[in-house]
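Below: the structure, in C-alpha cells.
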Amino acid sequence: MNPMPDAHWMARALRLARKGLYTTRPNPRVGCVLVKEGQVVGEGWHHRAGAPHAERVALEAAGEAARGATAYVTLEPCSHHGRTPPCADALVAAGVSRVVAAMEDPNPLVAGGGLDRLRAAGIQVRVGVLEAEARALNPGFVKRMTRGLPWVRCKLAMSLEGRTALADGESRWITAEAARRDVHRLRARSDAIVTGIGTVLADDPSLDVRLDPAALEGVEEAGVFPSPLRVVLDSRLRMPADARMLELPGETLVVCLEPAPVGRARLEGAGARVEALPESGGQVDIESTLRFLAGQEINEVMLETGPTLAGAMLHGGWVDELLIYMAPHLMGDSARGLFSLPAIRRMGDRVALKIRDIRALGRDWRIEAVPDVRPAQGGERPGAP
C-alpha cells in the first residue's frame with residue numbers, strides 16, 4: 001500500500017517533466033514516476049521529440065518491478081502511433097495495476113483514448129491530480145491542441161516610467177545582465193521568437209539564445225536544445241538580406257503579403273524562408289500568422305518587438321502573458337512607450353491586467369501579468385507591420 005497521497009508523487013513527476021522544458025518541442029513536457037509499496041521503482045521524463053516518452057523511460061528503469069506498481073504521469077498516456085509507439089500499450093504490457101494522470105491529453109488523436117485503453121485492460125485510473133500545475137507546464141501545447149493557436153508571451157523592457165527606447169530608437173541596454181539572462185532562458189523554452197520589421201530595421205536584432213546550455217535544467221549537452229524559429233512580420237518585404245539574424249544558425253521565417261519575385265529571391269538567397277499570408281487592413285493578418293505557426297507545430301511564441309506590433313497584438317486579444325522587465329531609471333517624456341494602443345477616453349476602458357508575480361532580478365524587477373479581460377478574438381482587428 002502506498003502511504004503517500006497521490007499529489008506527493010504527482011509533484012515529483014511534475015518536477016521531472018520540467019527537465020524537458022527546453023528540449024521537447026513540439027511535444028509536451030511529461031514526467032512519470034512508478035511507485036510500488038511506497039517506494040519509487042522507476043522514473044523518467046521525455047527528453048526530446050523522437051526519444052522515448054516518459055512512461056517508457058520509467059518502465060525501462062523499473063524492469064520487472066513495474067508489475068503491480070502505480071504509474072504517476074503528468075499527461076494521459078498516448079494511445080496512437082506517432083514518432084513512438086503508444087505508451088498506454090506499454091503500461092498494460094508491463095502489468096501496472098493503477099495509473100494516475102494529472103490531465104487528459106488535449107491532442108484529438110488521444111483525448112481520453114489512452115485512459116480508455118487502460119480501463120479496458122482492468123487497470124485502475126484516476127485523472128485530475130495537480131491538473132492546474134500540469135496545464136501550466138504546457139500552456140502552448142494545450143492551446144495549440146484545443147484552439148489551433150500558440151501561447152503568446154510578450155516580453156518588454158522599460159524604465160521606471162514605462163519607456164522602452166529613447167526618441168531616436170536607442171534602447172540598449174535598458175536592463176542589466178541578470179534580467180537579460182532571464183530573457184535568454186525564456187527564449188530557450190520558446191518554439192518561435194516573433195518580431196516586426198520596424199524592430200529589425202531599427203535594431204538589427206539577433207533573436208538567438210546566447211546562454212550556456214549547462215545553465216538550463218535538463219540540458220546536459222551543448223547544443224541539444226533546438227534554436228527557436230525567428231519570425232519577422234514584414235508586410236512589404238523590407239527585410240535586409242544582410243540582417244544579422246540571417247547569418248546565425250537556425251531558421252528565419254519572413255511573413256509578408258504577396259511578395260514580388262525579386263524580393264522573395266533576394267531573401268531566400270540569404271537563407272530566409274518567405275511565407276505569404278492574408279492581409280488585414282493592408283498589413284499581415286495576425287490571426288492568420290498565429291494559426292500558420294500553430295500548423296508548424298509551434299507551441300510557445302515569444303513576442304519581442306516595438307510598441308506598434310505589441311499594441312496590435314494586445315489590443316486584438318492575442319497576448320496570453322506579459323513579462324515586463326522594469327529598470328530603476330528614468331528616460332524622459334520624449335522616450336517611447338510600451339504599447340501603441342487606441343486612445344482610451346474612459347477609465348472603464350482601460351486594459352486590465354492581473355499581476356501573477358513580481359520579483360527582483362539583480363537591480364531590475366520582472367513583472368508577470370496576464371490580460372484580465374480580453375477583447376473578443378473576432379471581427380475587426382489590427383494587422384501586423
Side-chain angles (χ1 to χ4, degrees), residues 14 16-32 44-57 73-88 101-111 113-114 134-153 185-194 207-209 213 216-221 223-231 249-253 255 273 275 277 287-304 318 320-321:
L14 285 165
L16 288 169
R18 282 193 61 84
K19 291 178 177 290
L21 192 65
Y22 304 99
T23 60
T24 63
R25 70 179 73 125
N27 291 352
R29 300 115 184 179
V30 182
C32 179
W45 74 94
H46 180 48
H47 288 239
R48 61 187 60 87
H53 286 189
E55 298 94 322
R56 290 182 177 273
V57 176
V73 60
T74 59
L75 185 69
E76 172 188 357
C78 61
S79 56
H80 70 294
H81 282 268
R83 293 180 177 93
T84 58
C87 291
M103 60 178 289
E104 287 192 5
D105 192 334
N107 186 342
L109 295 175
V110 183
R135 287 181 174 274
L137 187 59
N138 289 297
F141 180 77
V142 172
K143 188 178 177 186
R144 178 166 69 89
M145 289 297 166
T146 57
R147 297 176 55 194
L149 293 165
W151 182 267
V152 178
R153 186 177 287 116
R185 280 193 290 270
L186 289 169
R187 285 183 180 179
R189 71 169 286 176
S190 302
D191 302 79
I193 303 170
V194 173
L207 300 186
D208 59 347
V209 180
L216 302 175
E217 183 184 12
V219 179
E220 299 164 355
E221 304 170 33
V224 298
F225 64 91
S227 297
L229 173 68
R230 296 180 290 267
V231 182
E251 186 179 16
T252 298
L253 169 67
V255 178
R273 178 158 64 104
E275 189 71 35
L277 292 178
E287 179 176 3
S288 298
T289 301
L290 293 176
R291 292 198 181 279
F292 174 81
L293 292 177
Q296 302 289 299
E297 296 188 305
I298 298 297
N299 291 326
E300 295 184 18
V301 163
M302 187 159 172
L303 180 64
E304 295 196 50
W318 304 115
D320 297 291
E321 181 179 5

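Residues Phe292 and Leu277 share a closest heavy-atom pair of CB-CD1, 4.0 Å. Across all their heavy atoms, Trp45 and Gly20 have their closest contact at CD1-N, 3.9 Å. Closest approach of Val30 and Ala54 over heavy atoms only: O-CB, 3.4 Å. Taking every heavy atom of both residues into account, Arg230 and Gly250 meet most closely at NH2-O, 3.4 Å.
Looking at heavy atoms from C-beta onward, Val142 lies in side-chain contact with Met103 at the 4.5 angstrom threshold. You'll find the side chain of Leu293 stays beyond 4.5 Å of the side chain of Val255, heavy atoms only. Using a 4.5 Å cut-off on side-chain heavy atoms (C-beta onward), Val209 and Pro228 make contact. Looking at heavy atoms from C-beta onward, Met145 lies in side-chain contact with Pro108 at the 4.5 angstrom threshold. The side-chain heavy atoms of Glu297 and Arg144, taken from C-beta on, include a pair separated by under 4.5 Å. By the 4.5 Å heavy-atom criterion applied to side chains, Cys78 and His53 are counted as neighbours.
A donor-acceptor pair under 3.5 Å is absent between the side-chain atoms of Thr74 and the main chain of Leu14, judged by distance alone. Here the side chain of His46 pairs a donor or acceptor atom with the backbone of Pro52 at under 3.5 angstrom. In terms of modelled atom types and a separation under 3.5 Å, the side chain of Arg29 and the main chain of Lys19 share no donor-acceptor contact. Between the side chain of Glu76 and the backbone N or O of Asp105 there is at least one donor-acceptor pair closer than 3.5 Å.
Taking OG of Ser227 as the reference point, atom CD1 of Ile193 lies at 9.0 Å (rounded to 0.5 Å).
For Arg153, the salt bridge (charged side-chain N to carboxylate O under 4.0 Å, His left out) partners two or more places apart in sequence, or in a different chain, are Glu300, Glu321.
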